[in-house]
Structures are given as structure tokens and as C-alpha cells.
Undergrad: 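Quick one: this structure, given as C-alpha cells, is what I'll be asking you about.
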Amino acid sequence: MINRYFYQSDIGTFVAEDTNAIFGKMLHADEMDTSATQKYAWEDEIAIMQKTLQPWQLEKAEIIFEYSIPRLGKRIDVIVLLRERVFVIEFKVGETEFLHQDVDQVLDYALDLKNFHQGSLDRLIVPILVATKSSRYSTVCQLSHYDDGVYEPLLTDAPHLKDVLGLVLSDRIKPKAYAVTLEDWTRSRYSPTPTIIEAARSLYLNHSVEDITRHEAEGEQLERTTRYVQQVIRETKTRGGKSICFVTGVPGAGKTLVGLNIAVQQESKEDLAVYLSGNGPLVAVLTEALTRDKQAQEKANGNKITKKEAEREVKRFIQIIHRYRDNMLGKVKVVNEHLEIDTTKELKDQNAGYGEVENIAIFDEAQRSWDKEHISAWLNRKKGFTNFPMSEGEFLIWSLDQRQDRAVIICLVGGGQEINTGEAGIGEWIRALNETFPDWRVYISNQLTAKEYAEGRVTELLKENPHVNYSEDLHLAVSMRSFRAESLSNMVHYLLDGHLDKAKKVYENIADRYPIALTRNLGKAKQWLRQKARGNERYGMLVSSKAYRLKPLAIDVRCKPDTVHWFLDDINDVRSSLFLEDVATEFDVQGLELDWTCVVWDGDLRSTQNGWDFFEFNGGSKWNKIKKDTRQAYLINAYHVLLTRARQGMILCVPEGNLEDPTRLPEFYNSTYQYFKSLGLQEI
């Protein structure tokens, strides 16, 4: 049986038990997974805790060593459950100083328990950092000003750990009924909602999508969709031929997680899968995060591996779609307006044919593949490839169709989320299947017939295709994006659609769990972010890609952030989002998330009594109105992306403008500020 911990006991038994016996139990539970350095530290930790807990050995209390925070690959050194409190203790054996990152680490553990662990939700959580060779210890304890039952981290050396515990316990707490008893704490459900970065890391460590979700409904639907797609892969392998699946889902439902799960965890060694996305920042950030994790994992196991070697392994299953496409383009030529393989450039493989090595390809945001005109013009302009005869979707199917044995394509499809011109939509994939690849078997979500996909014409487009299979298992209906405000997307939708009353009603229901503030001062907005974030929670500033007149606020949208450093590095790096210098646009953050955001609003989207007005700055002296419906829709969708990137809360900053600057007149901003104010947001 696999437990969430390496050792657990009541305190009385623990204090009296032989140290070597406890150590042996931990070694047995570890299964040779932990480094030798950590194992040596366990001996010290056991001895320290036995001395520390002697005053409470007759009380009804428990101690737990190496408690696993499920799904996210973290383990807490020691948990002590005593007098309805949860003590979270992190040891730094041999250390003389309390490092900032170590304080953040133990606070992160406490916040994870408070936010996601049912046995901890209504209890006091006490994070304690023990630098065993330090000469300092906390003499004052206080709850966080957030009033959520989490103490400010306490610091101590080994000899005074007992005094620090006593200090906390000297504060009386009122008796109350708890949702989960302390006796059942270790069996209590854990319900995390990881960011896409955390989720990818967990999948790479061989967790399943069901493991890393918050609710049963989320885990069940993700696992159900994954199982359905894997069944299609098995059936295609058995009979041969080619198949394509279309997976749909509400915003934040986990389509990308399904794709990553399939790419990482193939059932057969004969099947190779690749996750492909046109979202460059997403691919770059995930690749770097997994590469760093791979390096750290190998180092902890005593193995040497260069960053390039780690990156090469990661890139085997996650790639930017354009590189995959361009590699195939290097094999082809156009003959009489048709594509043919140029056999002078590529040898034929008995299985892959002229296709790539992977027989399974997952295309994220498939509706954003380019139409024929857009990709043809781009290839002509950038690559010198003339008269390209296909849309991007058709070419990607054609690429997998080159395989001699079998192939499966999984298209992950979002609806109504276009932010770029030239996006063909899902109708183009279906047209290509009908006209060019009629033998491919089509597995399609029953929700793909809704109006946001191919203008509701999917059923009509497929009615003559004899190989179509509809299934509700290919639709993800439950959003898992924000653990504090699952209705946020609806509120933003109403807000941008001009339905203020509906938006206000939704906001009233989430305001206590998902704070949204409003200000006209960027300095105050930055201060708000810094005050809200705790531990390693991430924050940053977001702006529209059309926000050209924020330069007086030291925001130049033309200065692109290094998204890898922006999302992954700490506050000591000026390129980090936490430094609050570089801003990200909708193109940088699409598919990614932060804990807290500041959305700085420019004059490109202005609220009026008749709805929104849409503008684009001409680069010199004035704003021009955007009149085309499609371009207006792109701008609305861009702000929808910006307003749904924060997991825990956000602040909106609408500048005051300047009467002396005709490009930043107060009238460009005032009505928008008043519109947000009428939502009932807290003004800063």
C-alpha cells in the first residue's frame, strides 16, 4: 500500500520508539527514491522531534514525516497535528542562516494545505523553518494580516523548536466543530488546481491528469477523455489506417492537459507522440520548466546531465508547431498545384514512409491553424516557397497521411477565442478531410456542432462523411482554471459584452474569494500586487498588444518580455514578472496563468454609453477607429484573455490621462474607469 507519508504515529508512541526503528520505516517507505544527503538529515530530524515533543507526549496528537503534497511533487519534512493546529515544519539541517527562499518554501507548503486540503481549510496552519545550527529563534507569533488562519512563518534553531511550539500553543483558540477531525487528517481529500506549468511538471513525473485536478468531476472528465482518445489509438493500431479526434472544452477545462498527458504517457513503445502548439510562449515556458526539472531530478539522483541533454529529451514530445511544419516542408515540392514528396531530399521508411517519426500528433488550439491564403503568403514572403496549395490544417493532415503504417491526430479545439488574423477555424480541417482525406476515420465531440465552431455548420459539413463518430467523451464541460473564482470567465464575458447587471451579479458571488481592485495609480497597483502575494505566488503586469500610449507610465508594449524568464525566474531577476518592469500581452500569456495580475488599460478599448469603442494608435499622433467587426472581435478577445489570467485576484489600473497630451486625454479613460467602478470594485 502506498501512503502519502513515510512515517505516521501518535506522539506518545513516537517519543518512546527507537530512533533506528523509525529511520528504518522511513527508508522502507522511501523505496530508494531520496538522496543520501536527505536520508542522513532524517536521523537528525527524528532525534530533534523526539526531544521537542516530550512535553506533549500524553496528549492526543500525531506526527507525520515526509508528507506528500499530492500531485505537485512536494513533500513536507514534518507535520505535527496538535490541539487542532497543523504545524508545518521544514528542516534545514546544518544551516546557520534563514534563507529567503527557504522561508517561502515552508510558507508555500502552509498555503497549499490551507487552500487545497480539506482537513486544513478551517484550521490554524503554523509554518516553522528550522535552521538547526542557527543561534536565533522567534519570540513572537502572529497570524497573517490576510486573516485566513495561516501564521506568519516562525524561525528557530533546533534547541528552541520546543519553545516556539509552546509559544503558539499559549494562544487559546475557541472550540468549534471542524469539517475533518485530526484523527482523519491524513485521509482527508486533497484538491489542488495547479497552473499549466505545475501540471506539466507533474505529468512529466508520471502523475495522471486525474491526479492533478481539484475536484472529482474535473479528474473524471479529463481521465474519461484521455481514455477515449487512447482507445482510438489502440483501435487504429489494430486495424491500421488513419484517425483524427476533435476534443472540445469550455475555457480552462484542461484540453492542453489532455494533450500533454497523451504525449507523455503512451501505452506502447511502438507509439511515439508529439504535442504541437502554435503558442510560442507556452511551448517555450513549458520546455524550460521541464528542462530545469529534469536537470534537478538527475542531479538529486547523482547523475550528471547538461541542460542541452535535458532539453533534447523534453523537446522529443513538446514542440512548436511551426518547426514541425517547416521540417515537413523541407521534404516537398509543388507539382501542378499539388504537393509531392521530393525523393531527392528524403529516404522512405518502411513504417513512417515520408512522414515524421511520431505516428501520433496532438495539435493544440487547432482552430487557429492558418488558412490557405495566409500560410501561402507567409511562406512566399519568409521562406521563398511559392504557390503553396494547402491550408495549414490540410497540410498537417497530409503530413501524417504520409506514414505507411498508421497515424492518429488529436485536435484540441477552443471556440470563439481568435486573437489573430488568418485563422481558418475548424471548418477548414473538416473540409480537408471531406475533400482530400475521405478514408480517415473522424471522432468528434458532440459539442463541436455548437455555433462557436465553424459557425455551427459542422453537422452539415460532415453529413456526407461515412466515417464520423460522435461522442460526449470528447468534450470537457467543467472549468478547472481558478480555484477561487470558477465563474470569473462568465463575469468577464458579461463585462465585455456590456451586460453590467449580469457581470455585477456574478462578481458579488465571487468577491469574497476572488478580490478585484480598481485604481488610477500604477504605483498603488504594484504595491497591491506585492502585498497580496505570499511565498512563491506569482504576479505580473498585463496590457493589450494595442496599448501604445502607456509609455509615459514606463510601459512600452513594443519591448517584448523574455517569457521564459518572465514566468519562471524569481524576484532577483529584472526580467521576471515579479520585478514589475516588463509587461506581457495577450500573445505572451495565452494558455498560461499567474496568481495575481495587474491589467493596465489603455485607450484602445473605451467604454461609452453605447458600448465599447475600438481604437488603434497610428504610431505618431492619433488614435484611429477600428471599424471591421473581425478586428473589433480580436480586441475584445484580447482583453478577455488578459482578464482571465489571474488565479487568485487582480487589480485594474485605468490611467487618468493628460489634458496636455492629445493622445492621452482624460476622456479616453474616464468612462472606462466609471464603468468598472459601477461593477462595485474596491477602489485603491
Side-chain angles (χ1 to χ4, degrees), residues 249-252 279 365 367-368 413-426 450-456 479 481-482 485 487-504 506-507 516 518 541-550 557 583-593 597-617 623-646 650 652-655 668-679 681:
V250 300
N279 186 336
E365 299 291 354
Q367 78 282 357
R368 289 196 168 131
V413 184
Q417 300 177 39
E418 294 77 8
I419 57 175
N420 265 323
T421 57
E423 294 176 352
I426 210 63
K451 65 179 181 180
E452 61 260 43
Y453 307 104
E455 299 178 346
S479 177
R481 175 163 288 157
S482 170
S487 300
L488 176 66
S489 184
N490 287 335
M491 189 208 76
V492 171
H493 174 77
Y494 291 138
L495 191 69
L496 294 176
D497 268 7
H499 300 303
L500 183 62
D501 290 341
K502 292 182 178 179
K504 190 172 183 179
V506 175
Y507 176 64
I516 305 178
L518 179 64
M541 294 192 298
L542 309 179
V543 300
S544 157
S545 60
K546 302 294 183 183
Y548 284 101
R549 290 308 299 139
L550 296 176
V557 74
V583 298
T585 73
E586 67 273 17
F587 297 109
D588 302 311
V589 297
Q590 175 72 17
L592 293 159
E593 299 166 315
T597 64
C598 169
V599 179
V600 190
W601 211 277
D602 200 10
D604 52 339
L605 187 62
R606 307 174 193 173
S607 176
T608 73
Q609 291 184 343
N610 299 317
W612 295 102
D613 274 352
F614 305 83
F615 292 87
E616 185 172 36
F617 191 64
W623 293 90
N624 295 321
K625 266 203 168 187
I626 297 175
K627 297 181 180 180
K628 284 188 176 182
D629 291 344
T630 52
R631 293 185 62 209
Q632 290 180 0
Y634 290 148
L635 190 54
I636 287 289
N637 288 338
Y639 271 98
H640 192 284
V641 169
L642 298 176
L643 291 169
T644 53
R645 293 307 95 190
M650 65 179 156
L652 306 179
C653 180
V654 183
F668 297 168
Y669 305 95
N670 289 342
S671 58
T672 302
Y673 184 85
Q674 292 301 320
Y675 181 64
F676 291 139
K677 182 179 177 180
S678 62
L679 187 62
L681 305 183

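In this chain, numbering begins with 1 at the start of the sequence shown.
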Undergrad: Mark yes or no for whether Tyr494, through its side chain, and Lys504, through its backbone, hold a donor-acceptor pair below 3.5 Å.
TA: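 No: the side chain of Tyr494 does not pair with the backbone of Lys504.
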Undergrad: Atom CG of Asp497 and atom NE2 of His640: how far apart are they, to the nearest 0.5 Å?
TA: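 Output value for this atom pair is 8.5 Å.
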Undergrad: If we ignore hydrogens and angles and just use 3.5 Å, is the side chain of Thr597 paired with the main-chain N or O of Val599 as donor and acceptor?
TA: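 No; judged by distance alone, with no hydrogens or angles, the pair does not exist.
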Undergrad: If I take atom CG from residue Asp613 and atom CG from residue Asp604, how far apart are they, to the nearest 0.5 angstrom?
TA: 11.5 Å
Undergrad: Is a side-chain N or O of Arg645 found less than 3.5 angstrom from the main chain of Val641, in a donor-acceptor match?
TA: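 Pair found, side chain donor or acceptor close to backbone of Val641.
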Undergrad: For Ser671 and Ser607, indicate whether the former's side chain and the latter's backbone hold a donor-acceptor pair under 3.5 Å.
TA: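 Yes; judged by distance alone, with no hydrogens or angles, the pair exists.
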Undergrad: Quick check with a 6.0 Å cut-off and a 45 degree axis cone: is Arg606 positioned over the face of Phe615's six-membered ring?
TA: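 The answer is yes, since Arg606 meets both limits relative to Phe615.
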Undergrad: First locate atom CG of Leu652, then atom SG of Cys598, and finally report the distance between them rounded to the nearest 0.5 Å.
TA: 8.0 Å
Undergrad: So which heavy atom on Thr644 is nearest to which on Ser489, and how close?
TA: CG2-CA, 4.2 Å
Undergrad: Report the C-alpha separation of Ile516 and Phe676 in whole Å, then their side-chain angles, then the decisive distance to 0.1 Å, and conclude whether the side-chain contact (heavy atoms from CB on, under 4.5 Å) test is met.
TA: CA-CA 10 Å; Ile516 305 178; Phe676 291 139; over 6 Å; no
Undergrad: I'd like to know whether the aromatic ring centres of Trp601 and Tyr673 sit less than 6.0 Å apart in this structure.
TA: no
Undergrad: Would you check if Leu550 and Val557 make a side-chain contact, meaning some heavy-atom pair closer than 4.5 Å?
TA: no
Undergrad: Looking only at heavy atoms, what is the nearest atom pair of Ala503 and Met491, with distance?
TA: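 So the two residues come closest at O-CG, 3.4 Å.
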Undergrad: Are Val600 and Val583 close enough that some pair of their side-chain heavy atoms sits under 4.5 Å apart?
TA: no
Undergrad: I'd like to know if the side chain of Asp602 and the backbone of Ser544 have a donor-acceptor N/O pair within less than 3.5 Å.
TA: no
Undergrad: To the nearest 0.5 Å, what is the distance between CG (Leu518) and OG1 (Thr672)?
TA: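 Nearest 0.5 Å value for the CG-OG1 distance: 10.5 Å.
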Undergrad: Applying side-chain contact (heavy atoms from CB on, under 4.5 Å), run through Asn637 and Leu496 and close with a yes or a no.
TA: CA-CA 9 Å; Asn637 288 338; Leu496 294 176; over 6 Å; no
Undergrad: Please identify which of these residues, Tyr548, Phe617, Phe614, meets the ring pair (Phe, Tyr, Trp, His ring centres under 6.0 Å) condition with Trp623.
TA: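 Of the listed residues Tyr548, Phe617, Phe614, the ring pair (Phe, Tyr, Trp, His ring centres under 6.0 Å) partner of Trp623 is Phe617.
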Undergrad: What is the distance from atom CG of Leu681 to atom CE of Met650, rounded to the nearest 0.5 Å?
TA: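 Reported value, rounded in 0.5 Å steps: 8.0 Å.
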Undergrad: Between Glu616 and Lys546, is there a donor-acceptor pair closer than 3.5 Å when you use the side chain of the first and the backbone of the second?
TA: no
Undergrad: Heavy atoms only: give me the nearest Tyr669-Pro655 pair and the separation to one decimal.
TA: CB-O, 3.1 Å
Undergrad: Between Leu542 and Thr585, does the side-chain contact (heavy atoms from CB on, under 4.5 Å) criterion hold? Intermediate values first, please.
TA: CA-CA 6 Å; Leu542 309 179; Thr585 73; over 6 Å; no
Undergrad: Can you name the closest pair of heavy atoms from Leu643 and Leu488 and give their distance?
TA: O-CD2, 3.8 Å
